[in-house]
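The structure displayed is predicted, hence computed values, not measured ones.
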Amino acid sequence: MKINHTFRYILLIAFSLSLNSCKDFLDVQPQSSVSDDQTIVDETSAKTATRGMYRQLASDSYYGSLFQSIGYLSGDNIVWTGSQSIIQDFINHDVKSDNGNIATVWSGIYETINRANHIIAKVPLVTDESFTEAERNALLGEAYFVRGLCYFDLARTWGGVQIVLTPTVSATDKNGIKRSSLADTYAQVLADLTKAETLLTNTTNRYRATQKTARALLARYYLYQENWAQAEAYADKVLGDTDYELVKPYSAFFSNQAVATKESVFELAYSSTYTNGHRTYWQPPANGGTRQWAPNATFISLVSDENVGGNRSALIAKTTAGLWYGNMYYRSPATDPAFVIRIAELYLIRSEARAHQDKLADALDDLNAIRDRAGLSDSPAQTQEEILLAIENERRLEFAFEPHRWFDLVRTHRVEAVLGVTNTNKYVLPIPITEVTVDESLEQNTGY
């Protein structure tokens with residue numbers, strides 16, 4: 001018997017309450033079930049809806065904490081220290097479909113998609129004479145960019161997913177839509193980002209999508225597709241822009257209350273009334289946090305080695321009681337930005353793309369730019385294999401507390417060699433039980 005959507009909400013609430021030391025997740029239920037028929041009627045409401053889309057992107061369910069945590073908890077830099085066994089499941093690569101965090105993230109991403117879909121569907125219909133074509137196109141471009149980012153994150157986390165391109169007005173609107181293949185899901189990402197690139201202006205805005213932001217994400221997209229020439233070309237477009245640069249030392253983009261530095265291509269802002277959940281999870285009780293997770297001994301050793309980590313040791317700190325903790329998110333109140341794309345990533349994307357094209361000297365130039373910023377000497381790597389391994393190792397440290405390590409190892413087919421995970425079914429997460437139990441057409445990932 002099919003379970004009704006009221007029961008779906010009960011399940012989501014039960015999972016949320018299990019996160020007893022986290023922020024309140026009740027507000028990330030599928031709010032996409034709420035009708036939005038009257039919200040976009042003029043220029044003002046269109047801009048308000050766009051701000052709401054970014055706010056959902058920055059929520060705890062998405063880039064505010066939980067989605068990002070999947071990328072680093074599933075890697076090899078973090079140890080679980082808290083009271084939530086659902087966190088250990090990511091570290092052990094034993095996530096089950098009833099894990100409350102994946103239910104929250106899945107719901108949060110689809111709500112972000114729904115907000116983008118409302119903009120895409122309704123902004124072209126607005127008849128406000130003061131709403132110029134340039135302003136209209138910019139908002140549409142931002143919505144296409146955010147939707148492309150959402151489907152990119154869904155694809156690399158779950159594989160092929162349900163593709164929903166129109167606004168939903170009830171929680172069950174996408175029921176009956178079968179999952180697309182991984183290839184088709186990535187094709188949607190490309191279509192959205194390509195559309196965004198044509199609509200957005202070639203300006204610099206570190207908090208909202210522009211043409212430059214779309215090109216940066218396209219570089220990442222092509223890296224995942226192993227289209228090395230296009231990954232290099234799109235990284236070139238961004239790296240050639242003097243509005244972006246590697247700030248020195250490494251910690252300069254986040255320390256001393258820094259925001260929107262030239263390091264940042266796209267970051268999400270928070271305020272004292274809308275805080276970033278990351279701080280609570282990383283900071284120790286002595287600093288008002290819960291320290292649910294912390295850098296593990298191996299990472300501490302690597303990042304503390306001046307010949308390996310260089311000045312990236314600023315990522316960690318230790319209490320007077322001897323507890324190590326991550327110190328990238330430290331502000332009180334928790335107004336730390338969420339870093340979605342940094343210019344360092346573009347250097348390493350281009351380095352990897354060049355290495356795969358046997359442009360080894362150029363690949364080393366980009367790799368050594370990252371090492372120089374970290375206070376390290378040039379890499380001794382010479383062969384293609386050595387350079388690619390050196391890039392992998394730099395990415396591990398450079399983005400230790402950002403959502404890259406696990407996804408990097410999956411896309412480069414290095415999970416088994418590095419983490420010892422031999423069950424390839426575990427390379428994607430299970431579809432949340434809260435979804436598959438209410439939608440008979442939603443096929444669970446193999447092995448779950």
* **Donor-acceptor under 3.5 Å (Asn227 side chain, Gln230 main chain)** => yes
* Asked: Salt-bridged, Asp243 to Lys212, with N to O below 4.0 Å?
  -> yes
* **CD (Glu385) with more than 12 external heavy atoms under 6.0 Å** => no
* Between the side chains of Gln283 and Asn327, does any donor sit under 3.5 Å from an acceptor? -> yes
* Evaluate the side-chain proximity of Leu302 to Leu397: yes if any heavy-atom separation is below 4.5 Å, no if none is. => yes
* Has the side chain of Thr335 got a donor or acceptor atom that lies under 3.5 Å from a matching backbone atom of Ser272? -> no
* Please say whether the positively charged group of Arg156, taken as NZ for Lys or CZ for Arg, lies over the ring of Phe407, i.e. under 6.0 angstrom from the six-membered ring centre and within 45 degrees of the axis. => yes
* Closest approach of Arg291 to Pro284 (non-hydrogen atoms, all atoms of both residues) -> CB-CA, 3.7 Å
* **N-O pairing of Arg373 and Glu263 below 4.0 Å** => yes
* To do: For the residue pair Glu142 and Val146, establish whether any side-chain heavy-atom pair is separated by less than 4.5 Å.
  => no
* Quick one: does Tyr222's side chain have a donor or acceptor within less than 3.5 Å of a partner on Ala353's backbone? -> no
* Asked: Is it true that a side-chain atom of Tyr151 and a backbone atom of Ile113 form a donor plus acceptor pair closer than 3.5 Å?
  -> no
* Asked: How far does CD of Glu197 sit from CG of Leu217, to the nearest 0.5 angstrom?
  -> 11.0 Å
* Side-chain donor-acceptor pair under 3.5 Å between Ser264 and Thr261, yes or no? -> no
* To do: Taking the side chain as every heavy atom from C-beta outward, state whether Ile316 and Ser304 have any atom pair closer than 4.5 Å.
  => yes
* Would you sort out whether Ser61 and Gln56 count as a side-chain contact (heavy atoms from CB on, under 4.5 Å), showing the intermediate values? => CA-CA 8 Å; Ser61 60; Gln56 176 57 33; 3.5 Å; yes
* Verify the neighbour count for atom CD of Gln444: are there more than 12 heavy atoms of other residues, nucleotides or ligands below 6.0 Å? => yes
* Taking side-chain contact (heavy atoms from CB on, under 4.5 Å) as the test, write out the residues that go with Ser85, two or more places apart. => none
* Using modelled atom types only, decide if a donor and an acceptor are shared between the side chain of Gln384 and the backbone of Ala355 within a distance under 3.5 Å. => yes
* Just by modelled atom types, is the Asn117 backbone N or O under 3.5 Å from a matching donor or acceptor in the Arg147 side chain? -> no
* Measure across Thr275 and Pro333 and return the closest heavy-atom pair with its distance rounded to 0.1 Å. => CG2-CB, 4.5 Å
* **Validation row: Ile109, Cys150 side chains within 4.5 angstrom (heavy atoms)** => yes
* Are any non-hydrogen side-chain atoms of Val259 and Tyr207 less than 4.5 angstrom apart? -> yes
* Check the pair Thr319 / Trp324 against side-chain contact (heavy atoms from CB on, under 4.5 Å), numbers first and verdict last. => CA-CA 7 Å; Thr319 68; Trp324 285 101; over 6 Å; no
* Charged N to carboxylate O below 4.0 Å: is that the case for Asp408 and Arg395? -> yes
* Any side-chain heavy atom of Thr50 sitting closer than 4.5 Å to one from Met53? -> yes
* Asked: Hey, is the main chain of Trp406 close enough, under 3.5 Å, to the side chain of Ser74 for a donor-acceptor pair?
  -> no
* Asked: Looking at CD1 of Ile370 and OG of Ser379, how far apart are the two atoms once the value is rounded to the nearest 0.5 Å?
  -> 12.5 Å
* Look at the rings of Trp293 and Tyr72 and say which category their plane angle falls in: under 30° parallel, 30 to 60° tilted, over 60° perpendicular. => perpendicular
* Asked: Just checking, is any N or O donor in the side chain of Asn114 or Thr168 under 3.5 Å from an acceptor N or O on the other one?
  -> yes
* Shortest non-hydrogen contact from Ser351 toward Ala363 -> OG-O, 2.7 Å
* Polar side chain donor-acceptor pair, Asp192 to Gln188, under 3.5 angstrom -> yes
* To do: Check each of Thr104, Thr112, Asp153 against Tyr62 using the side-chain hydrogen bond (donor to acceptor under 3.5 Å, both in side chains) test, and report the only one that passes.
  => Asp153
* **Non-hydrogen side-chain atoms of Asp378 and Leu367 separated by less than 4.5 Å** => no
* Asked: Below 4.0 angstrom, N of the basic side chain to O of the carboxylate: do Arg354 and Asp366 qualify?
  -> yes
* To do: Specify the closest pair of heavy atoms between Val265 and Ala216, including all atoms of both residues, with the distance to one decimal.
  => CG1-CB, 3.8 Å
* Residue pair Tyr110, Ser107: steps toward the side-chain contact (heavy atoms from CB on, under 4.5 Å) verdict -> CA-CA 5 Å; Tyr110 270 106; Ser107 176; over 6 Å; no
* Asked: Under 3.5 Å, side chain of Asn205 to main-chain N/O of Thr210, donor-acceptor pair present?
  -> no
* To do: Please confirm whether the backbone N or O of Pro432 pairs with a side-chain atom of Glu435, one donor and one acceptor, at under 3.5 Å?
  => no
* Asked: Looking at Tyr224, is Arg411 sitting on its ring face, NZ or CZ under 6.0 Å from the six-membered ring centre and within 45 degrees of the normal?
  -> yes
* CD/Glu402 to CD1/Ile341 distance, rounded to the nearest 0.5 angstrom? -> 11.5 Å
* Asked: Between Asp372 and Lys248, is there a salt bridge with N-O shorter than 4.0 Å?
  -> yes
* Look at Lys96 together with Asp89 and state whether they make a salt bridge at an N to O cut-off of under 4.0 Å. => no
* **Glu306 atom CD: more than 12 heavy-atom contacts under 6.0 Å** => no
* Does the pair Lys174/Asp439 count as a salt bridge with the N-to-O cut at 4.0 Å? -> no
* Asked: From Tyr329 OH over to Tyr270 OH, what is the distance, rounded to the nearest 0.5 angstrom?
  -> 8.5 Å
* To do: Among Phe266, Phe152, Tyr221, find the residue that satisfies the ring-ring contact (aromatic ring centres under 6.0 Å, His included) test when tested with Phe145.
  => Phe266
* Can you name the residues that form a ring-ring contact (aromatic ring centres under 6.0 Å, His included) with Phe399, not counting sequence neighbours? -> His404
* Check Tyr330, Tyr325, Phe299 against Phe401 for a ring-ring contact (aromatic ring centres under 6.0 Å, His included) and give me the one that passes. => Phe299
* Spacing of CG belonging to Asn101 relative to CD1 belonging to Ile86, to within rounding of 0.5 Å -> 4.0 Å
* To do: Test the Arg342-Phe253 pair against the cation-pi criterion, namely NZ or CZ under 6.0 angstrom from the six-membered ring centroid and within 45° of the ring axis.
  => yes
* Which heavy atom of Leu376 sits nearest a heavy atom of Val308, and at what distance? -> CD1-O, 3.3 Å
* Judged by modelled atom types alone, do Asn77 and Arg396 share a side-chain donor-acceptor pair under 3.5 Å? -> yes
* Indicate yes or no for a side-chain donor-acceptor contact from Asn311 to the backbone of Pro249 under 3.5 Å, with no hydrogens or angles considered. => no
* State plainly whether the residues Glu111 and Arg115 are in salt-bridge range, i.e. N to O under 4.0 Å. => yes
* CZ of Arg179 to CD1 of Ile163: how many Å apart, nearest 0.5 Å? -> 11.0 Å
* Which atoms form the tightest heavy-atom contact between Thr434 and Ala103, and what is the distance? -> OG1-CB, 3.8 Å
* Does any non-hydrogen side-chain atom of Arg55 lie less than 4.5 Å from one of Leu268? -> no
